[in-house]
Amino acid sequence: MNNDRVVIIDDEPDICFLLANILKKKKYSVDWAHNLKDGLDLLIKNKPFLVFQDINLPDGSGLDFIQKIKMLQDAPKIALISAYDSDQERNRANEEGVDVFISKPFARETIDKALDSLNS
């Protein structure tokens with residue numbers, strides 16, 4: 001596991017760019033993918049300590065993908081990000097073992113707090 005590596009899986013290029021810039025300023029190495037298949041390849045190749053993952057992706061549900069991430073050797077922590085912030089999604093995310101849930105749109109402070117909680 002690489003404690004300075006982060007993978008972002010989100011189909012919105014603007015979200016990837018914004019989140020990557022926030023993370024790079026904090027000295028993280030960042031890679032991103034716009035679908036689950038490419039995201040899984042990055043997770044296996046880079047062994048990050050953290051993945052920021054959207055729920056609604058072109059090739060499936062991020063909620064359904066959580067257990068696949070958890071089965072990886074040196075599984076990363078998971079920050080789920082979604083524009084659809086419902087109790088149902090939050091509850092399922094918690095049941096699946098997500099480390100933090102972030103609503104879109106998010107502010108830099110939200111990401112800072114998430115990183116602080118994940119690094120403690």
Side-chain angles (χ1 to χ4, degrees):
M1 181 178 309
N2 294 310
N3 288 336
D4 66 339
R5 291 202 77 84
V6 177
V7 168
I8 302 166
I9 306 173
D10 197 303
D11 60 331
E12 294 181 55
D14 291 346
I15 294 292
C16 292
F17 184 74
L18 172 68
L19 195 48
N21 280 337
I22 292 169
L23 293 166
K24 286 177 182 177
K25 286 181 180 176
K26 296 190 162 292
K27 308 295 183 212
Y28 291 104
S29 298
V30 182
D31 297 290
W32 68 70
H34 298 300
N35 59 59
L36 295 171
K37 180 190 172 300
D38 293 343
L40 181 60
D41 291 343
L42 286 175
L43 292 173
I44 292 168
K45 176 183 162 196
N46 296 335
K47 297 184 181 1
F49 92 98
L50 174 61
V51 58
F52 283 90
Q53 176 183 291
D54 193 10
I55 291 178
N56 295 306
L57 291 154
D59 56 344
S61 165
L63 287 167
D64 295 337
F65 193 65
I66 294 167
Q67 289 309 308
K68 190 172 277 192
I69 293 172
K70 295 251 179 218
M71 289 189 306
L72 295 174
Q73 183 177 355
D74 295 324
K77 294 183 178 183
I78 302 170
L80 207 58
I81 50 178
S82 181
Y84 305 99
D85 183 3
S86 70
D87 287 341
Q88 180 181 357
E89 284 184 330
R90 281 185 179 268
N91 290 340
R92 172 133 184 243
N94 286 335
E95 289 169 5
E96 297 286 343
V98 166
D99 296 286
V100 66
F101 190 103
I102 299 169
S103 299
K104 291 181 188 176
F106 52 80
R108 175 182 308 274
E109 295 78 26
T110 305
I111 302 304
D112 290 343
K113 286 180 186 174
L115 290 169
D116 287 345
S117 73
L118 293 168
N119 284 316
S120 60

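Quick note: residue numbers are just sequence positions, from 1. Quick caveat: nothing in here was measured; it's all calculated off a predicted structure.
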Point to revise | Pairwise distance CD(Glu12) to CG(Leu18) - rounded to 0.5 angstrom | key: 10.5 Å
Practice item. Would you mind telling me which of Leu72, Asn35, Ile69 makes a side chain to side chain contact (heavy atoms under 4.5 Å, CB included) with Leu40? Key: Leu72
**Study point:** Within 6.0 angstrom of Asp116 CG, more than 12 heavy atoms from elsewhere
**Key:** yes
Review point. Got a donor-acceptor contact below 3.5 angstrom from the Lys27 side chain to the Lys24 backbone?
Key: no
Check your understanding: Would you say the side chain of Asp10 lies within less than 4.5 Å of the side chain of Lys104, judging by non-hydrogen atoms?
Key -> yes
Point to revise | Heavy-atom pair with the smallest gap, counting every atom of Ala79 and Ile102 | key: CB-CD1, 4.3 Å
Practice item. Starting at CG of Asp99, measure out to CG of Leu118 and round the result to the nearest 0.5 Å. Key: 5.5 Å
Exercise for review: For Pro48 and Val7, work out which heavy atoms get closest and say how close.
Suggested key: CG-CG2, 3.7 Å
Point to revise | In one Ile/Leu/Val/Met/Phe/Trp/Tyr side-chain cluster, 4.5 Å: Ile78, Phe49 | key: no
Review point. Linking I/L/V/M/F/W/Y whenever any side-chain heavy atoms sit under 4.5 Å apart, do Val30 and Ile15 land together?
Key: yes
Review point. Quick one: CD1 on Ile55 to CD1 on Ile81, what's the gap to the nearest 0.5 Å?
Key: 9.5 Å
Revision key, fill the gap. Heavy-atom nearest pair, His34 first then Cys16, reads CE1-SG, 3.8 Å
**Study point:** Heavy-atom closest pair, residues Arg92 and Asp64
**Key:** NH2-OD1, 2.6 Å
**Study point:** Distance, nearest 0.5 Å, that separates OG of Ser117 from CG of Asp112
**Key:** 11.0 Å
Review point. Where do Gln53 and Leu63 come nearest, in terms of heavy atoms and distance?
Key: NE2-N, 4.4 Å
Review point. Are Ile9 and Phe101 connected, step by step, through hydrophobic side chains (Ile, Leu, Val, Met, Phe, Trp, Tyr) whose heavy atoms are closer than 4.5 Å?
Key: yes
Review point. Mind checking whether Val100 and Lys77 have side chains closer than 4.5 Å, heavy atoms only?
Key: no
Check your understanding: Is it the case that more than 12 heavy atoms not belonging to Lys37 sit under 6.0 Å from its NZ atom?
Key -> no
**Study point:** Pair Asn119-Leu50, side chain to side chain contact (heavy atoms under 4.5 Å, CB included): steps then yes or no
**Key:** CA-CA 10 Å; Asn119 284 316; Leu50 174 61; over 6 Å; no
Practice item. Could you tell me whether a side-chain N or O of Asn46 sits under 3.5 Å from a main-chain N or O of Asp31, the two making a donor and an acceptor? Key: no
Check your understanding: Does one hydrophobic cluster hold both Trp32 and Val6, with members joined at side-chain heavy-atom distances below 4.5 Å?
Key -> yes
Exercise for review: Taking atom CD of Gln67 as the centre, report whether more than 12 heavy atoms of other residues, nucleotides or ligands fall under 6.0 Å from it.
Suggested key: yes
**Study point:** Single-linkage hydrophobic cluster, 4.5 Å side-chain cutoff, Leu42 and Met71 together
**Key:** no
Study note, to complete from the structure: Separation between OG (Ser103) and CG (Leu80), nearest 0.5 Å, reads 10.0 Å
Practice item. State, to 0.1 Å, how close Ala33 and Gly39 come at their nearest heavy-atom pair, and which atoms those are. Key: CB-N, 3.4 Å
Exercise for review: Kindly indicate, with the supporting measurements, whether the criterion side chain to side chain contact (heavy atoms under 4.5 Å, CB included) is fulfilled by Ile8 and Leu23.
Suggested key: CA-CA 10 Å; Ile8 302 166; Leu23 293 166; 4.2 Å; yes
Practice item. Supply the atom-to-atom distance Asp74 CG to Leu43 CG, rounded to the nearest 0.5 angstrom. Key: 12.0 Å
